[in-house]
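Let me begin by handing over the structure; questions about it come next.
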Amino acid sequence: MADNKFNGTSSYITTDDLSMAVNAAVTLQRPILIKGEPGTGKTQLAIEIAGSLGKPLYEWHIKSTTKAQQGLYEYDAVARLRDSQLGDDKVHDIANYIMRGKVWEAFDSEVQPVLLIDEIDKADIEFPNDLLRELDRMEFYVYETKQLISARHRPIIVITSNNEKELPDAFLRRCFFHYIKFPDVETMTRIVDVHFPNLKKDLLSEALNAFYKIRDVRGLKKKPSTSELLDWIKLLLAEDIPAEALRSDNIRNAIPPLYGALLKNEQDVHLFEQLVFLDRRTNPQ
Amino acid sequence: MLIPFFYMLREGGMKTSITELLSLHEAMQSGLAGQSVDDFYFLARTTLVKDEMHFDRFDRIFGAYFRGVDDSLSDLMQEVPEEWLQRQAELSLSAEEREKIAAMGGFEELMKALRERLDEQDERHEGGSKWIGTAGTSPFGAYGYNPEGVRIGQHGSRNRSAVKVWDKREYRNLDDTVELGTRNIKVALRRLRKFAREGAADQLDLEDTIDKTARNAGLLDIRLVPERHNAIKVLLCLDIGGSMDDHVRICEELFSAARSEFKHLEYFYFHNFIYEGLWKDNRRRHAEKTPTLDMIHKYASDYKLILVGDATMSPYEIVYPGGSVEHWNEESGAVWIKRLLRTYSKAIWLNPEPRARWDYTPSVKIVREIMGGRMYPLTIAGLDEGIKALR
């Protein structure tokens, strides 16, 4: 088992609790449910698990119209009707018109795969309940061809949720759960390090400083997250902004450069500008 | 051995199930938490807690229960024979430390001192603000004698850092059972969904296609139906200004949730009570008034009416003509609201004041009577009840 442990990768930093949750889920072959603020790398986690354990990845992205059945299989009745019109021989075998879904593909994998069910909360409220048996027993029944499909190797299932809907208890009981909390300064430094290894030390600390200050502003509708920070640093580097421009005493009376990458909401930008303006009036330098 | 802990979690109001307890045992059996309390804490959290709102509660219970236990988990499973411990301790101690022990009167004395120290610590914590602070005697506090515990002479920095994880209570602000977020409101409002097929036919109707094709002697005849979508229509009337100022935030949340949830949402504002005019923009309330009769005529009776207000005013404002605080109304508010209720049979009143206070205000009583009892508090539970009444 020792070589099968997940401890983050060269491009993905995990905390101890996250790797424990992942390893528990991998060992006991249960699905793991990942929640957290948008932009904290929930989807990325599945990709990294697959990469670091050397397993194939199947991604199933959920939309508001997605039905549980679509992950298993779909019966293409229209194609069969059409073929019957054309007198195609395929029409006699119903199996020709069964379209495999992502779950089936994962169940059929030669080696143990990683299955990502992304943003499960986007689907209808009943969606998770429709997948209970499939996630528990890792098998389902195809009524059209009367076959029972069971997983060759129980896949490592990673489920992400943005908390837009509450998930049913029966579903939660079957999963391990991890909440990716917003990284602290130390972890954040490691994350930025991994993405921009050649970043100058002072620029990084000033950028992080400014970033956490913006996150601390009360009343922001959408706080900037890790992915926004990484984009911002990318911009700072591209524009060759010196660290001095981000200096903290500067920030008190000037808006940090390229803040459009951090604040994505018109009202937030407005609020922020007002705060800076107020601050400048009360503390003239 | 984890069963008392399990019951403590349940007493603490967490809905931990037997399945989850069993999977924790299973996980421990496969050696996932062999190394440290930290690992055990993470493992227990990932198996037993399924909502970040409960992380803080879990941290507190975990802290209260496992205080005094440190890195070795073996003592969770069994009491360790003392001679073995002594040997282990001696192995892990440096020569200096062994001398110190000897100076303190040997190993047994040390154990006693250690136990005393642990007891002391328990008492100190008992005095703290921990809510499960009863008899700080966690069953494991007495198990202070374990190989790692002996190292307490080094001030167990590892020990302390391990405890910190849950003692930090990082998830404190997530455990907010009272506050309503738009998300919860949306989930509550979603129960009001009623799907109907309307608009352009762009989805395949499989059954009808098969049926028509069969009737067509096998010649394919594709039939389409419009997509299903939420066809509920809502008329939202909000009290604004005056005593409602305290409730601005919650009304905003309700409003924004309703706006994103219903395609057919019409909203109007009123002040204190509904009379002959309503307005859409509060800043131009005097200039741009919509006559209430126009509203009734424009929006048909299939709209569902939600009135939001604290219904706190002088009873005159409801029952007498000319009772309005702002203008002279020819007809009383009661007449107007009855007129509304005649058109909109599905109507509720949401009151942001807590239910317990309703009985003290005569005007709330009057409104409740007029509404036929369909007044609900503006909380998630109240919203649920109200939505039920609307269906």
Side-chain angles (χ1 to χ4, degrees), chain A residues 1-2 5 15-30 32-37 64-65 74-87 121 124-125 136 161-182 184 219 221, chain B residues 15-20 22-24 26-33 35-36 38-55 165 168 170-171 174 181-184 186-188 190-191 193 195 203-204 206-207 209-210 213-214 218-222 227-229 256:
Chain A
M1 252 328 11
K5 285 259 186 279
T15 46
D16 287 349
D17 47 346
L18 176 57
S19 30
M20 170 55 81
V22 171
N23 286 325
V26 172
T27 314
L28 297 190
Q29 305 187 320
R30 300 275 161 79
I32 179 165
L33 172 67
I34 304 283
K35 277 207 244 171
E37 272 184 47
S64 63
T65 51
E74 280 179 294
Y75 170 43
D76 192 352
V78 178
R80 193 166 184 219
L81 270 172
R82 186 199 58 216
D83 282 357
S84 79
Q85 303 278 303
L86 301 173
D121 54 327
D124 197 69
I125 290 175
D136 219 21
S161 162
N162 270 325
N163 228 355
E164 283 191 11
K165 283 186 200 91
E166 282 175 59
L167 299 169
D169 272 354
F171 176 78
L172 292 174
R173 301 242 182 282
R174 287 167 169 81
C175 305
F176 284 144
F177 172 71
H178 184 74
Y179 179 81
I180 300 188
K181 67 166 193 287
F182 198 79
D184 52 11
K221 290 219 188 285
Chain B
K15 290 194 197 108
T16 314
S17 71
I18 302 169
T19 336
E20 285 160 317
L22 290 179
S23 42
L24 176 59
E26 197 185 334
M28 287 171 63
Q29 208 160 45
S30 43
L32 277 164
Q35 298 84 15
S36 69
D38 260 10
D39 284 354
F40 173 71
Y41 162 72
F42 291 144
L43 185 66
R45 200 180 70 189
T46 195
T47 40
L48 301 178
V49 195
K50 299 295 157 69
D51 191 335
E52 71 276 13
M53 289 221 300
H54 295 140
F55 274 5
V165 185
K168 267 194 274 180
E170 281 172 346
Y171 294 95
L174 293 174
T182 53
R183 194 167 289 149
N184 292 341
K186 276 186 209 165
V187 172
R190 208 154 280 184
R191 307 229 167 96
R193 285 194 293 193
F195 287 104
Q203 273 193 339
L204 177 70
L206 191 55
E207 269 177 32
T209 303
I210 294 171
T213 305
L219 211 61
L220 187 53
D221 183 5
I222 287 182
E227 196 183 344
R228 270 168 17 120
H229 53 76
S256 72

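In what follows, chains carry the letters A, B, and so on, assigned in the order in which the sequence lines appear, proteins first and then strands, with residues in each chain numbered from 1. Given the structure is predicted, the values throughout are model-derived calculations rather than measurements.
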Point-to-point distance, once rounded to the nearest 0.5 Å, from CG of Leu28(A) to OG of Ser23(B): 7.0 Å
Check against side-chain contact (heavy atoms from CB on, under 4.5 Å), Met20(A) and Arg45(B): CA-CA 10 Å; Met20(A) 170 55 81; Arg45(B) 200 180 70 189; over 6 Å; no
Note: Arg30(A)-Glu26(B) ion pair, threshold 4.0 Å (strictly below): yes
Spacing of CG belonging to Asp16(A) relative to CG belonging to Asp39(B), to within rounding of 0.5 Å: 7.0 Å
Spacing of Ile222(B) atom CD1 and Leu81(A) atom CG [to the nearest 0.5 Å]: 7.5 Å
Flag, side chain of Lys50(B) to backbone of Leu172(A), donor-acceptor distance under 3.5 Å: yes
Heavy-atom neighbours of Ile18(B) CD1 exceed 12 at 6.0 Å: no
From Arg173(A) atom CZ to Thr47(B) atom OG1, the distance as rounded to the nearest 0.5 Å: 12.0 Å
Spacing of CZ belonging to Phe42(B) relative to OG1 belonging to Thr15(A), to within rounding of 0.5 Å: 7.0 Å
Residue pair Glu20(B), Arg174(A): steps toward the side-chain contact (heavy atoms from CB on, under 4.5 Å) verdict: CA-CA 8 Å; Glu20(B) 285 160 317; Arg174(A) 287 167 169 81; over 6 Å; no
Option in Leu206(B), Asp51(B), Leu204(B), Thr19(B) with maximal non-hydrogen atom pairs under 4.5 Å from chain A: Asp51(B)
Atom group of Ser17(B) that falls short of 4.5 Å from chain A, counting heavy atoms: both
Spacing of Thr46(B) atom OG1 and Phe176(A) atom CZ [to the nearest 0.5 Å]: 6.5 Å
Residue Gln29(A) excluded, over 12 heavy atoms near CD under 6.0 Å: yes
